[in-house]
Amino acid sequence: MDLSEIRTKIDAVDDQLLQLFLERMALAEEVAAYKNEHHLPILNKQREREVLAKVTEKAGDKERYAYHLYSTLFELARSRQAELISAPTRVAAQVKASLAAGSDIFPQTGLVACQGVEGANSQVACDRLLPRGNIVFVKTFDAVVSAVESGLCKFGVLPIENSSNGSVRAVYELLQDHKLSIVRSTRLCIRHELLSLPGVKMEDITEIYSHQQAIGQCSKFLNSLNGVHVIPCDNTAMAAKMVADAGNRHAAAISSHPCAALYGLECINDSIQDSDNNYTRFICVSKDPVIYSGANRISLIVSTDNKPGALYEILSKLAALGINMTKLESCPVTGRNFEFIFFLEIEASVQEPSVMAMLQELERNCSGFQYLGAYAEI
């Protein structure tokens, strides 16, 4: 047979496959109706194992391909069943309330808590997220959370990850421990400079101040120095302010170019970061869950039983629906050996029925599930 004849036969098989697939999905809907009536769970792992064993036995040398085909069919069938199951879930109620509280336009004003001082990268992120917002500066990430939880501020802005130095784990832990909702995010291109008092030369420097993340993002430069003490502090802008206020001509700060003008410092070296492709992502959080127009990202914290394939069961649900995952990070559970929670971020809209069904299925089947919010990134 030539190629055109083979393709004609493939087209005919595809037509049969489609009809059989639609029949199978219709039967899955009947199963959903039965499970709904009898209050049965969607997942029946024993039944799936039995089918997979039978299929792989019959598939011969194509058993691995048959296994993946049927695993995907199971995911699609479960996703459809989840759309039809009427059992209430917490995430469904949260999303419904969030959509009702939202609006077409994200607020441009309001009190917003920000860690640091004037000139901090968090302050730049605040100005981008809420252009006419009234910033309340606080000393720590915990204080940002407290300001939002207490109602002192409507919003809080926190750095969550950096392209060079990874996640800001302290912020993830705060999200895990406090009931805050992510309502917006943005990312800034970060450029670090070594700043000092006017007239100070590099050979005069014996101590350098900066935030731990900035120190990590400039590690190659700092490791090349001899006899210089690197001292972490709360914020890059705070580091610049400390150097300026102290008047110490042996001190320098890793900070931003705007902070040089803001605090009367000079740049000794403007090429100190490990990578020019250095971005920090910031989130805007609120006390109450709200979804604004254009929300196309969802953040979650999930935990699974400590068993083989547990994480795959989560990821396969995303793959079956064609959902792109933009972040997956594990974090050990304190006090428990080899148990982890996962910070998960996906590109999807909660207004898609299949996505909402998938979230409900995760809540039902995961040992731990926390919905952090649906939002847009600017």
Undergrad: Could you give me the CA-CA distance, side-chain angles and deciding distance for Tyr70 and Thr56, then say whether side chain to side chain donor-acceptor pair (under 3.5 Å) is met?
TA: CA-CA 10 Å; Tyr70 275 80; Thr56 52; over 6 Å; no
Undergrad: Apply side-chain contact (heavy atoms from CB on, under 4.5 Å) to residues Lys45 and Phe74 and explain how you reach the verdict.
TA: CA-CA 10 Å; Lys45 202 64 181 176; Phe74 291 151; over 6 Å; no
Undergrad: For the pair Asn162 and Thr280, evaluate side chain to side chain donor-acceptor pair (under 3.5 Å) and give the outcome as yes or no after the intermediate values.
TA: CA-CA 4 Å; Asn162 176 264; Thr280 295; 2.9 Å; yes
Undergrad: State whether Arg78 and Glu313 are salt-bridged, where the test is any N-O pair (Lys NZ or Arg NE/NH1/NH2 against Asp/Glu carboxylate O) under 4.0 Å.
TA: no
Undergrad: Flag yes if Leu40 and Leu43 sit in one hydrophobic cluster, no otherwise; membership is Ile, Leu, Val, Met, Phe, Trp, Tyr, and two members link when side-chain heavy atoms are under 4.5 Å apart.
TA: no
Undergrad: In this structure, would Val355 and Leu328 fall into the same cluster of hydrophobic residues linked by side-chain contacts under 4.5 Å?
TA: yes
Undergrad: Name all residues meeting the ring pair (Phe, Tyr, Trp, His ring centres under 6.0 Å) criterion together with Tyr209; count only those two or more places apart in sequence or in a different chain, and write none if there are none.
TA: none
Undergrad: Quick check on the hydrophobic clustering: are Leu76 and Leu20 connected, directly or via other members, by side-chain heavy-atom contacts under 4.5 Å?
TA: no
Undergrad: List, by chain and number, the other hydrophobic cluster members for Phe155, where Ile, Leu, Val, Met, Phe, Trp and Tyr join if side-chain heavy atoms come within less than 4.5 Å, directly or indirectly.
TA: Phe106, Val112, Val124, Leu129, Leu130, Ile135, Phe137, Val157, Val183, Leu188, Ile190, Phe282, Val290, Tyr292, Ile378
Undergrad: Look at the side chain of Lys35 and the backbone N and O of Ile42, then say whether any donor-acceptor pair between them is shorter than 3.5 Å.
TA: yes
Undergrad: Side-chain donor-acceptor pair under 3.5 Å between Gln273 and His192, yes or no?
TA: no
Undergrad: Is the shortest side-chain N to carboxylate O distance from Glu329 to Arg169 below 4.0 Å?
TA: yes
Undergrad: What's the shortest heavy-atom distance between Leu315 and Met325, and which atoms?
TA: CD2-SD, 3.8 Å
Undergrad: May I ask you to check whether over 12 heavy atoms, not counting those of Asp2, lie within 6.0 Å of atom CG?
TA: yes
Undergrad: Decide yes or no on side-chain contact (heavy atoms from CB on, under 4.5 Å) for Asn235 and Lys241, but give the supporting numbers first.
TA: CA-CA 10 Å; Asn235 187 273; Lys241 188 174 187 300; over 6 Å; no
Undergrad: Assess, by modelled atom type and distance only, whether the side chains of Ser185 and Glu377 contain a donor and an acceptor separated by less than 3.5 Å.
TA: yes
Undergrad: Just by modelled atom types, is the Gln370 backbone N or O under 3.5 Å from a matching donor or acceptor in the Gln176 side chain?
TA: no
Undergrad: Tell me whether Arg364 is salt-bridged to Glu361, with the criterion being a basic N under 4.0 Å from an acidic carboxylate O.
TA: no
Undergrad: Give the intermediate values and the outcome of side-chain contact (heavy atoms from CB on, under 4.5 Å) for residues Gln217 and Asp274.
TA: CA-CA 6 Å; Gln217 293 159 28; Asp274 295 347; 5.6 Å; no
Undergrad: Apply side-chain contact (heavy atoms from CB on, under 4.5 Å) to residues Glu149 and Leu180 and explain how you reach the verdict.
TA: CA-CA 8 Å; Glu149 282 188 321; Leu180 296 177; 3.9 Å; yes
